[in-house]
K.L.:
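There's a structure below that I have some questions on.
Below, read A as the first sequence line, B as the second, and so on, with proteins coming before strands; counting in each chain starts at 1.
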Amino acid sequence: MVHKKRDGYNFEDGRTSKWCWSYLPVGVLGMIMGRLSPVDQIRFRAVCKDWRLASSSSQPSPRLPWLMTRDWVWSESGDIVSSNKFHMPFHRHTHTSMHELDGQNWDDIHGASVCTSKYGWLLLQKSKNGFVYNPFTREMLKLPKIDIAFNRITFSSVPTSTDCLFFAIESSKKSSRYKIKICICSLGAQKWTTKNFNGIGKVAEDVVYNNGIFYCVFSGGVLGTYNVALQDWKVLTGMAPITDVVFWHRTQMVDADGELLLVGTTLVSGVLNCILGIHRTAWKNSGSNPLNFRLDSVEGEPVNVEGLDTLLVFVRDSILLSCNWVTWLSCIIRDSIAVHRVSNFPV
Amino acid sequence: MASAPENEKNASAPEKKTLTLKSMINNEEFVVDEHVALQSVTIKNMVDSDCAGDVIPVPTISGEILALVIEYCKNHANPSASEDDLKKADAGIVAKDIYTLIDLVLAANFLDIKGLLEVTSQKIADSIKDLPHQDVREIFGVENDYTPEEEAAVRAEHDWAFEGFP
């Protein structure tokens with residue numbers, strides 16, 4: 001595309017005015033920026049300092065989730081490279097990024113499954129090796145080898161920050177004779193600290209961190225909390241188990257601005273529909289409130305993403321995925337798709 | 001009630017009240033109905049505070065752009081226009097080259113016409129979205145105030161976003 005710079009206007013008195021767009025009012029710049037896809041906004045920060053400022057101050061859709069799919073493709077030079085596609089369903093925009101990995105990194109990342117994703121980082125696991133990977137900056141940080149067969153693993157804040165804690169939990173459904181094992185470590189630690197607690201005979205289905213506490217949901221909706229400061233593990237009692245609905249697979253927990261939602265997929269009227277059951281809890285006060293589960297049904301809002309045969313279901317700022325024909329595939333989908341929030345990007 | 005006809009005449013007079021907008025760039029004058037012009041918050045404030053004379057000078061906006069602005073205001077002042085009609089009309093107004101759009105967005109900003117500002121910003125965003133940032137610099141006549149090191153650092157922060165771009 002060729003653009004010609006136009007001449008300035010001629011005033012009557014012979015002055016010539018050259019528009020000076022660098023002084024485009026910040027408000028106007030912000031309006032334009034806010035209507036660009038997040039990827040373009042990031043690129044246009046390189047235009048000049050004013051544009052960078054406008055991109056940081058404009059808030060296009062802070063709730064916008066990013067969807068990442070990972071694939072392996074042959075590069076022109078004949079190497080296998082990681083191809084990361086970032087989908088922004090609301091912007092109908094897909095950005096493809098190729099990441100050429102050297103030997104060791106390739107060994108680490110290939111075949112690893114995504115355990116969780118937060119702050120634009122993925123927590124990946126391959127047998128006993130865990131590491132965090134940022135597909136945008138391509139940073140990769142290794143965690144110590146983990147010795148428990150954990151059900152779920154997560155982390156508390158941006159992995160590069162000093163207060164970030166990694167948390168893994170193992171709980172067996174076989175019998176309550178099996179202990180619940182909790183492993184904790186910070187980045188750079190030599191090994192995980194393992195603690196054993198009384199077993200409850202249920203599998204840990206998901207774990208999230210919120211305000212000093214790791215919340216863990218077990219099958220049947222049983223909840224446990226681990227208070228980091230007190231190093232105290234509690235299974236919350238006095239709460240009716242979820243019996244009125246059968247979830248098709250593990251429930252997931254979502255932190256929606258301090259309110260934690262429990263989300264499971266169920267089927268209604270045949271295979272083609274799926275709905276989400278949400279158990280909204282009153283966990284804002286560190287779980288000390290009586291817990292009242294309420295089941296809400298949320299219709300899946302189908303959003304088509306090019307090249308992805310999935311039905312995406314949005315719950316507030318979070319994205320939950322389901323396939324439009326076999327819901328049990330969501331475990332697999334979960335392994336290859338990560339969720340990012342634009343608001344979590346470093347400015 | 002002999003004065004009735006005169007009253008009627010007076011009552012209908014405000015509807016026909018017009019304002020003259022004059023581009024200070026090329027001295028082009030536009031006579032517009034007041035209610036059309038009052039969609040501009042800037043003009044409304046001038047009129048409300050009695051600052052407006054017979055002719056309202058509009059600095060930094062050319063006649064060409066002012067004509068577009070007035071067209072937009074006329075469309076949106078028409079009570080019988082449907083939402084669809086307005087959408088189509090808006091699309092027609094912003095179907096311009098990028099330089100005209102930049103003039104238009106600045107005019108909408110100066111005259112404080114929210115709807116026009118929004119529709120023009122959207123069109124500009126659509127026009128530049130897939131361009132390399134160097135082209136955007138060129139179009140907007142922006143001087144690159146980064147040092148080469150600073151620019152490299154900004155790029156390095158999100159190198160992935162620049163893939164496929166120079």
Side-chain angles (χ1 to χ4, degrees), chain A residues 1-12 17-52 55 58 60 83-84 86 91 93 95-99 120 134-138 345-347, chain B residues 23-27 59-64 97-103 105-106 108-110 114 117-146 150-165:
Chain A
M1 199 188 268
V2 179
H3 296 283
K4 265 182 132 180
K5 242 178 172 172
R6 93 184 138 189
D7 296 329
Y9 288 113
N10 291 309
F11 282 99
E12 256 185 325
S17 149
K18 279 255 187 224
W19 289 109
C20 195
W21 302 125
S22 340
Y23 298 111
L24 204 65
V26 174
V28 175
L29 206 47
M31 284 195 78
I32 296 169
M33 274 288 207
R35 284 162 170 77
L36 288 164
S37 87
V39 176
D40 289 330
Q41 284 196 34
I42 288 168
R43 268 191 321 111
F44 291 163
R45 287 175 185 179
V47 169
C48 70
K49 289 175 182 172
D50 272 358
W51 281 58
R52 182 186 168 86
S55 115
S58 81
S83 160
N84 298 327
F86 302 97
H91 286 269
H93 183 98
H95 180 85
T96 308
S97 157
M98 299 289 184
H99 185 182
N134 186 322
F136 301 107
T137 62
R138 289 154 188 189
F345 266 76
V347 170
Chain B
S23 158
M24 298 310 283
I25 298 274
N26 50 6
N27 295 320
T60 69
I61 299 174
S62 71
E64 176 204 4
D97 67 73
I98 185 76
Y99 300 108
T100 309
L101 290 172
I102 295 170
D103 282 341
V105 84
L106 285 169
N109 185 55
F110 176 78
K114 194 164 168 270
L117 190 56
E118 278 170 7
V119 72
T120 316
S121 300
Q122 182 65 57
K123 181 71 181 183
I124 292 176
D126 292 345
S127 320
I128 63 172
K129 64 177 180 176
D130 294 321
L131 298 177
H133 71 277
Q134 295 90 338
D135 283 15
V136 171
R137 228 178 245 157
E138 178 84 4
I139 290 167
F140 285 80
V142 173
E143 201 184 312
N144 179 11
D145 55 359
Y146 286 122
E150 282 170 341
E151 190 178 340
V154 171
R155 287 185 67 134
E157 259 177 55
H158 296 288
D159 211 17
W160 58 274
F162 291 87
E163 268 181 50
F165 288 97

K.L.:
Applying side-chain hydrogen bond (donor to acceptor under 3.5 Å, both in side chains), can you list everything that pairs with Gln134(B), at least two apart in sequence or on another chain?
P.N.:
none

K.L.:
Determine yes or no for a side-chain-to-main-chain donor-acceptor pair under 3.5 angstrom, with Arg137(B) supplying the side chain and Ala46(A) the backbone.
P.N.:
yes

K.L.:
Quick one: which of Leu117(B), Asp126(B), Thr120(B) has the most heavy-atom pairs under 4.5 Å with chain A, could you say?
P.N.:
Leu117(B)

K.L.:
Under the side-chain hydrogen bond (donor to acceptor under 3.5 Å, both in side chains) test, which residues partner Asp145(B), sequence neighbours left out?
P.N.:
none

K.L.:
Assess whether side chain to side chain contact (heavy atoms under 4.5 Å, CB included) is satisfied between Trp51(A) and Val136(B), documenting all intermediate values.
P.N.:
CA-CA 11 Å; Trp51(A) 281 58; Val136(B) 171; 3.4 Å; yes

K.L.:
Nearest 0.5 Å, please: how far is CZ in Arg43(A) from CG in Leu131(B)?
P.N.:
7.5 Å

K.L.:
Decide yes or no for Tyr146(B) and Arg52(A): does some side-chain heavy atom of the first lie under 4.5 Å from some side-chain heavy atom of the second?
P.N.:
yes

K.L.:
Within a strict 4.5 Å, meaning less than it, do heavy atoms of the Arg45(A) and His133(B) side chains meet?
P.N.:
no

K.L.:
Determine whether Ile128(B) and Ile32(A) satisfy the following criterion, side chain to side chain contact (heavy atoms under 4.5 Å, CB included), listing intermediate values before the conclusion.
P.N.:
CA-CA 10 Å; Ile128(B) 63 172; Ile32(A) 296 169; 4.3 Å; yes

K.L.:
What's the spacing between Cys48(A) SG and Glu150(B) CD if we round to 0.5 Å?
P.N.:
12.0 Å

K.L.:
Rounded at 0.5 Å granularity, tell me how far CD in Glu143(B) sits from NZ in Lys49(A).
P.N.:
11.0 Å

